[in-house]
Visitor: 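For reference, the structure I am asking about is given below.
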Amino acid sequence: MEKLIITAAICGAEVLKEHNPAVPYTIEECVLQAKSAYDAGASIIHLHVRMDDGTPTQDKERFRVIMEAIKKECPDVIIQPSTGGAVGMTNDERLQPTELCPEMATLDCGTLNFGGDDVFMNTENTIKYFGEKMIERGIKPELEVFDKSMIEMAIRLNKKGYIKSPMHFDFVMGVNGGIGGDIRDFAFLRGSIPTDATYTVAGVGRFEFPLATLAIIDGGHVRVGFEDNVAISKGVLAKSNGELVEKVVRLAKELGREIASPSEARQILGLKAL
Ligand code: KMH
Ligand code: ZN
């Protein structure tokens, strides 16, 4: 079985210090959280950025500064900026970090009710536009899917040339408005992707570690982090993103799965070697 790629989604756009005081807003806090995850075994950092007061932003310069600061401490880590940003942002606002030509970035594959009354808009034309920009800028998309229909969208746009093969999916499971996080939901998504595709799973809240375990057993990959979940166990806040990654490493060890280094992750995902 391939080694396990662990992604740490250290920050997100919605989670706040009120949920866990260790959620990073400042440059220094982002570096601290990224380093804790990297030292624990994460090879990819999925990155949102905030202003110092916690306001989410897709500002290119803020991304540049934070990405450079993370690279200083974690030289070979793969940084994967979000192009989802926060609900309500415009397409061009969301695409700003792709102008920095990172190795990877997320590409959200459909519209959904997001966590309540918000609507996270990703029309077919938006997805085509983002796909074209990523091809133009040499970026491998992580295809965020919140439901099965979004896998179908990705397959359709792959056939039309907006997304290249082999595709890499992120099953984001347990968002209010998207698919749930039960075993049958996982099996449904897992069985719906092309045979040459890879996937990672991001379970929201209580679904994080059960879904991580399924992916470890199945040969998939795992995303954890404050964006998705702030607790290390029921009612106990995680001290850092590193603590969440350490738990995945422990589970993988118990289940006989080795952890991929950043260079091994690049090989598995077909990214250029550093
Ligand atoms: N913040 C969500 C509305 C992504 O990173 O691409 C969207 C999101 C997805 O987090
Ligand atoms: Zn995200």
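Hydrogens, waters and symmetry mates are skipped; everything else that's a heavy atom, side chains included, is used. In listed order, ligands and their atoms are each counted from 1.
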Visitor: How close does the nearest protein non-hydrogen atom get to atom 10 (O) of ligand 1, and which residue and atom is it?
Guide: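 Sorting protein heavy atoms by distance from atom 10 (O) of ligand 1 puts Glu227 OE2, 3.0 Å first.
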Visitor: Do Val77 and Phe226 sit in one hydrophobic cluster, given that two such residues count as connected whenever their side-chain heavy atoms are within less than 4.5 Å of each other, even indirectly?
Guide: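 Different hydrophobic clusters.
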Visitor: Out of Asp108, Val172, Val175, indicate the one that has the non-hydrogen atom closest to atom 6 (O) of ligand 1.
Guide: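 Checking each option, the heavy atom nearest atom 6 (O) of ligand 1 is found in Asp108.
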Visitor: State whether Glu152 and Lys148 are salt-bridged, where the test is any N-O pair (Lys NZ or Arg NE/NH1/NH2 against Asp/Glu carboxylate O) under 4.0 Å.
Guide: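 A salt bridge links Glu152 with Lys148.
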Visitor: Would you say the side chain of Leu143 lies within less than 4.5 Å of the side chain of Asp170, judging by non-hydrogen atoms?
Guide: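 They are not in contact (no side-chain heavy atoms under 4.5 Å apart), so the answer is no.
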Visitor: Can you report which non-hydrogen protein atom sits closest to atom 5 (O) of ligand 1, along with the distance?
Guide: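 Nearest neighbour among protein heavy atoms for atom 5 (O) of ligand 1, to 0.1 Å: Ser82 OG, 2.7 Å.
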Visitor: Rounded at 0.5 Å granularity, tell me how far NZ in Lys140 sits from CD in Glu103.
Guide: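 It comes to 12.0 Å.
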Visitor: What does the angle at the Zn ion (ligand 2) come to, between atom OE2 of Glu227 and atom NE2 of His46, rounded to 10°?
Guide: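 Taking the Zn ion (ligand 2) as the apex, I get 120° for this pair.
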Visitor: Closer than 4.0 angstrom: is that true for some heavy atom of Pro56 and an atom of ligand 1?
Guide: no
Visitor: Between Phe188, Phe146, Tyr199, which is the residue that forms a ring-ring contact (aromatic ring centres under 6.0 Å, His included) with Phe171?
Guide: Tyr199
Visitor: Near His46, which atoms of ligand 1 are under 4.0 Å from a heavy atom of that residue?
Guide: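 Taking each heavy atom of His46 in turn, ligand 1 has 5 (O) under 4.0 Å.
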Visitor: Please compare Gly84, Gly12, Ala13, Gly85 and report which has the shortest non-hydrogen distance to atom 1 (N) of ligand 1.
Guide: Gly85
Visitor: Any nitrogen or oxygen of Phe120, side chain or backbone, less than 3.5 Å from one on ligand 1?
Guide: no
Visitor: Considering only protein heavy atoms, which is closest to atom 3 (C) of ligand 1, and at what distance to one decimal place?
Guide: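 Result: Glu14 OE2, 3.4 Å.
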Visitor: Which heavy atom in Pro141 sits nearest to a heavy atom in Ile163, and how many Å separate them?
Guide: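 In this case the closest contact between Pro141 and Ile163 is CG-CG2, 4.5 Å.
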Visitor: I'd like to check which ligand 1 atoms, numbered from 1 as shown, lie under 4.0 Å from a non-hydrogen atom of Thr106.
Guide: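 Counting atoms of ligand 1 from 1, those under 4.0 Å from Thr106 are 4 (C), 5 (O), 6 (O).
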Visitor: If you look at every heavy atom in Ser192 and Ile155, which pair is closest and at what distance?
Guide: O-CD1, 3.7 Å
